[in-house]
Structure formats: structure tokens, C-alpha cells
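Take a look at the structure below.
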Amino acid sequence: MCGIVGYSGRRPAAPLLFAGLQKLEYRGYDSAGIALLAPDGIHLEKNAGRDGVMALEVLGGKIDRLPAAAIAGIGHTRWATHGRPTDINAHPHLDASGEFAVVHNGIIENYLPLRERLRAAGYVFRSETDSEVAAHLLASHYSGDLAAALRGVLAEIEGSFALVVMSARHPGQLAAARRNAPLIVGAGAEGEFFIASDIPAVLKETRDIYVLEDGEMVVVADGSVSFTDFAGNPRLKTITKVTWDAVAAEKAGYEHFMLKEIDEQPQALRDTLSGRAAKAGTIDLGIGADFFAGVSRVAFVGCGTAYHAGLVGRELLERWARLPAETAVASEFRYRQPLLDEHTLVVAVSQSGETADTLAALREAKKEGARVLAVTNVVGSTAAREADETLFTWAGPEIAVASTKAYTTQLEIMALLAMFLAKERGQLPAERVAALLEEMRTLPAKIEDILARRERLRELALPLSRTADAFFIGRGLDWAVALEGALKLKEISYIHAEAYAAGELKHGALALVTEETPVIVLATQQALYEKTLSNVEEVKARNGRVLAVVRPDNKELAAAADDTFLLPQISDELAPIAAIVPLQLIAYYTAVRRGNHVDKPRNLAKTVTTE
Ligand code: F6R
């Protein structure tokens, strides 16, 4: 989730590239860089942020060091995944000769074996990134034709990418390709072309856009553009006229970042899983098994949505790894004098990695000698720097205050961690792990299926938008998801929503249920299905209005409910990752209908750095 912009034309490239990057800063901002093609070769400036000054601002101060006459180049603004946010890890990356430059979005899954092979062949790597392999590979495949060299790279790399490359030997030429990462070409005036990851980067210059599809390549040079597939077969493409204004374009045409981020979940899940789960059923967390040796207890800590992810983590860990675990709200954990020692693993979950209470809990755990693992979305965040080890969610920047894709990717990490420890402890047979990993690979498609049925969810949100209170109920993992569903509804719709363990409702809160009260029931846990069904009957007996989110085989519950939304078939333990999606959309449509400020709800901030 970074921003890419390229330019080939007749005007000075540096200011155009810089202006494009400014428009993409929302996609990633921990480092930035520009490489220009000049008659004497490639010129490069790139950096991370410095002393509180944003990376792009630092780059802006160095723009005049670049050759003003250069009329082609590439730029990048980075959201770190592989490698910390440093000057060296910033893009563009050059090959060793300095004759080839690349910018890359996405994740090259097989970069480790490729890097080893290239190193053995004498290529010297400078950065910690996966992207740098593309620069060396490009040089290794080059024999006079840049597009052919790029095709050689594409034949070797696995994973997701939007790649733009250039070479000092081909002035004015840019070649680019995409797979599972967006890429567009903007056709400017008089034969100039822009290549970018997102439309906002080029909107000031042109509204004539070619949208690349997965598996397509483009070459621009000397006022011409040509499209092919990865094998070099020509592709005919037509121009789309973009009518969005600049603000809508930042959201890729979406009305709100929240909906965009909900829709990004399939890709975020693919990226977060990438490189971590091998076909053979092995899990590579990038953390040595010795880090976990001797752990006898695990405590998940976090706030809000991150705390809810920890609740799922606890349940999976106990169920699969048979390891005692608890989940605590960070602001409570830090003050309750928790019992911690070197056999305790504290997992600090935080999208931003900067939440004050979570950091305080992390520090308390370290002080008491516990091992600390951070699960965060931000490379270089305080949590990542202070924890002993870190597992990153690769969800990309999350801008809407209400967390969506960070949560589902946190759940994915929870499942991987629990499976990994279960395997290490001999608690889960290899075949079961392999089957679960296989199922995890199918999750993005299952979520796409839910997203495709959003109109139904918009209808279901209609009665909710007129209510003052709502309940979310479920058992086991469904209860954890119910808590997150209720939080989504309250924070953006301002409707009072409460999540209850379904069996607990009759111990008090049932008194509040009338025909006016929507009760959203989650029933994905097969072992608890009959019990949840009884709880639905209890609500129906009080005339409560039940919306059931169920699996296709839960026919009785669907029949008992007033409304139903069917989830795809999915195993109990992985169900939370899909079950939250309809609840996110219901909350979203309810808030929209109530006319609320969806992305910036009242009284809330994206990163809470106060205690
Ligand atoms: C809810 C939400 C908050 C955050 C919480 C922790 O949608 O976004 O509840 O989850 O403030 O933030 P992080 O994960 O950044 O520590």
C-alpha cells in the first residue's frame, strides 16, 4: 500500500512527480523518493522522515538537487512492509550499476530465495526490502530491451505488485506491470504519459485514464503508449474519462474511506497471509521458535477493536494450542499489577502501534520480565520498536477512524499465531494445519462474496437507522465478533449498541428487549448452535426483532429470525474473519442513512496517544 507515480513527456519531471506524490501521501508516508532519467544517467533522492518532519516534506527540500531538465522519472511514497522506514529502504531502488531503477507496491512473496540466488551470483543488496530484488533481477534479465527485461522479472516474482521500471539506457522510456495492486496510465497533453498507482496522482494533469488489469503491462516512450499481457501479446485498451473531483479521487470514487477500506479487506488478507503460509502446511512467522520456548501463559492486550481481536486470539490459542491465555483491556492491565514473568508472552495488539495505554501495558510487561510480541500495522511504530518481536498486519494505511481492515488482518495474525504455537506444542496435527491454511487462502474470495451482497445489507440497515438501542449476541467466538459489531455500530451511527454473550442475556438485559429492539444474532459456531437457537427463541418470545447472521445450514435459526444474512460456509475458528464483514457494512449504511460523519465520528480520534 504505497503510492507510485511516473512521468515521461516534455516537461521537467521532478515537480510533476513531486506534486503527484503529494496527492498520494495518504497511501503511505514513512519514506519517499524520486529517480530521474537524465542524459548522464539516473539521479536519485530518497529519504525517510526526519525529526518529526514528514518524509515527503524532507524530499521536497532536496528537489532542486535533481536535474531540472530531466523529462522522465519515477517516484514513490512508502508504507513500509518489508524493512523499516529508513532512507536506504525508501524507493526507488537501483541495481548495483545504477542503470536501472524500480518502484514497487505490494509484496514479492518469493524475495528470499530470489535474493539468495542473486547474492550468490554476486549482486550486492543495500536495503532490507523485498522490492530491491526487482531492480537486480531487471539488470540480470536485460539484453537491450527494457520491456523484455521486465517480462523476465515478471516470470520470476510471486505475490502482488505494481512495478514501474526505467533504465539509463532508454531515455524517456518507462515500463510497468501489475498483479493484485492498482496501476493506471494517464494520457496528458502532446504525448506525455503518467503512470500511477492511483488516479489522484495525475488528476491535476489529465482526466484521460487507462486502467491496467491484472496481468497487463505498459510501455510509454517518445509520446507513444503500448499495452501487452505478461507474455508480450498486444492488449487493446480504451481511455476512461474520470469525472470525480480530487477529494472523491483520493477515495478512489468511494464516498467514504471506511467503505473503501471495507472493500480492501480481501487484498489486505491476501497480503497479510503472503509469505507466511506455505502450501505444505508450514507457517513462517519470521520469528524463531526459540522466542516462544518455555512460554506457559499468554496475555493479549489492546484497546477497542484491537482488544476484540485479542479476544479471538485467546480463544484460538486455548482451543488449538491448549495454552492458558487471557485478554485484557490495556488501560486496565497496566494498573492491575498483573502476574508476569519470563514464561509469560504478552501480545500487544495495536493498528497504529502508538496507542498510549497499549504502549504502557507493553512497557509494564517488559519491566516485569515478560516477552513482548507486538501485532501492528505500522512498521517503525513505537510498539514495533519496543517489542521483542513484531508481527505486522499488511493492511495498508487505515484512514477511517472506525477500524475495519486492520481488525480482519489482526484476526488472521491471531489464527496464524495460534496455529503456529499449536504445531510447536504438538497439539494440532499437520494435516489439520494444512487444511486450515488452505481455508485461509479461500477467505478473500468468501469475503468478496459477502461484499457483493451489500445491497441486502443496506436494506437490513434501514430499520436499525431508526432505533435508539440494539443488542448483538453470540456465543464463543461469535460473542467476540458481536462485541466488535456493536462497537462499529455505536462509534459511527451513535446508536447505543450492546454486545452480550447470548446465554447471559436472560440474566438481566432481556428486560430491555421489546418489539422496538433489534437483536443481531451471530451463529457461526456449530458446537453452540442449538444453544444460540434457544436464545433466539427467548428474544422472539419478548417480541424482539431478530436479524440472524448465519451459515447456510442453520435453517431453524434462519426460520426463527425476522431477517437473515447468510455467510459463506466456513469453519468455526475462521468464521470471525468473515462474520464481522456484514456487521461493518450494516454499521456503515446505518451511519450514512443517519447523515453522520462516517470517517471522522464525533469525539473520536484515529490514534489515541493520551491515557
Ligand atoms: C474502533 C477503533 C478503536 C481502536 C483503538 C485502538 O474502530 O478504531 O477502538 O481500535 O483506539 O487503536 P490501535 O489499534 O491503533 O491501538
Side-chain angles (χ1 to χ4, degrees), residues 79 256-262 264-265 268 272 300-313 327-334 346-363 365 372-387 390-414 472 480-495 497 499 576 580-581 583-588 590-591 596-611:
W79 175 264
H256 299 105
F257 278 111
M258 182 177 174
L259 187 58
K260 177 170 177 276
E261 287 161 7
I262 288 172
E264 282 168 356
Q265 289 181 110
T272 301
F300 294 90
V301 296
C303 303
T305 291
Y307 162 71
H308 296 155
L311 290 172
V312 174
T327 304
V329 169
S331 56
E332 290 295 319
F333 182 82
R334 54 178 299 201
V346 172
V347 183
V349 187
S350 172
Q351 185 282 130
S352 62
E354 303 295 348
T355 300
D357 283 317
T358 309
L359 291 178
L362 179 159
R363 289 171 188 149
V372 176
L373 171 67
V375 175
T376 180
N377 197 33
V378 183
V379 176
S381 60
T382 309
R385 282 187 277 113
E386 294 192 11
T390 304
L391 284 172
F392 290 105
T393 49
W394 288 326
E398 194 178 62
I399 291 165
V401 163
S403 186
T404 52
K405 60 179 181 170
Y407 174 70
T408 39
T409 52
Q410 281 162 0
L411 295 187
E412 201 176 34
I413 293 284
M414 296 294 126
F472 287 71
V481 176
L483 283 158
E484 175 60 8
L487 180 64
K488 288 289 89 88
L489 189 66
K490 33 186 166 203
E491 67 185 323
I492 58 169
S493 77
Y494 314 148
I495 292 168
I580 189 59
V581 178
L583 305 190
Q584 293 168 340
L585 282 167
I586 286 174
Y588 172 77
T590 307
N596 293 354
H597 206 322
V598 173
D599 285 336
K600 289 191 179 145
R602 70 183 181 207
N603 306 342
L604 301 179
K606 182 66 187 160
T607 304
V608 186
T609 51
T610 51
E611 297 174 10

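Starting from 1, each residue takes its place in the sequence as its number. Whatever order the structure lists them in is the order used to number ligands and atoms, beginning at 1. Bear in mind the structure is a predicted one, so any value in this text is a computation, not a measurement.
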- prompt: For Thr393 and Thr272, which heavy atoms make the closest approach, and how far apart are they?
  reply: C-OG1, 4.0 Å
- prompt: Which atom pair, heavy atoms only, marks the closest approach of Val372 to Ala365?
  reply: CG2-CB, 3.8 Å
query: Can you check whether Met258 reaches Thr404 side chain to side chain, under 4.5 Å on heavy atoms?
result: yes
message: If only side-chain N and O atoms count, and only distance matters, is there a donor-acceptor pair under 3.5 Å linking Ser381 with Glu354?
response: no
query: Are the charged groups of Arg363 and Glu386 less than 4.0 angstrom apart, N to O?
result: yes
Put together the list of close N/O pairs, under 3.5 Å, between ligand 1 and the protein, could you?
residue: ligand 1; atom: 7 (O); partner: Thr305; partner atom: OG1; Å: 3.3
residue: ligand 1; atom: 7 (O); partner: Ser403; partner atom: N; Å: 2.8
residue: ligand 1; atom: 7 (O); partner: Lys488; partner atom: NZ; Å: 3.0
residue: ligand 1; atom: 7 (O); partner: Glu491; partner atom: OE1; Å: 3.1
residue: ligand 1; atom: 7 (O); partner: Glu491; partner atom: OE2; Å: 2.6
residue: ligand 1; atom: 8 (O); partner: Val401; partner atom: O; Å: 3.1
residue: ligand 1; atom: 9 (O); partner: Thr305; partner atom: N; Å: 3.3
residue: ligand 1; atom: 10 (O); partner: Thr305; partner atom: N; Å: 3.1
residue: ligand 1; atom: 12 (O); partner: Thr355; partner atom: OG1; Å: 3.4
residue: ligand 1; atom: 14 (O); partner: Gln351; partner atom: N; Å: 2.6
residue: ligand 1; atom: 15 (O); partner: Ser352; partner atom: N; Å: 2.9
residue: ligand 1; atom: 15 (O); partner: Ser352; partner atom: OG; Å: 2.6
residue: ligand 1; atom: 15 (O); partner: Thr355; partner atom: OG1; Å: 3.4
residue: ligand 1; atom: 16 (O); partner: Ser350; partner atom: OG; Å: 2.6
residue: ligand 1; atom: 16 (O); partner: Thr355; partner atom: OG1; Å: 2.4

query: With distance as the sole test, does Glu398 use its side chain to make a donor-acceptor pair with the main-chain N or O of Glu261 at under 3.5 Å?
result: no
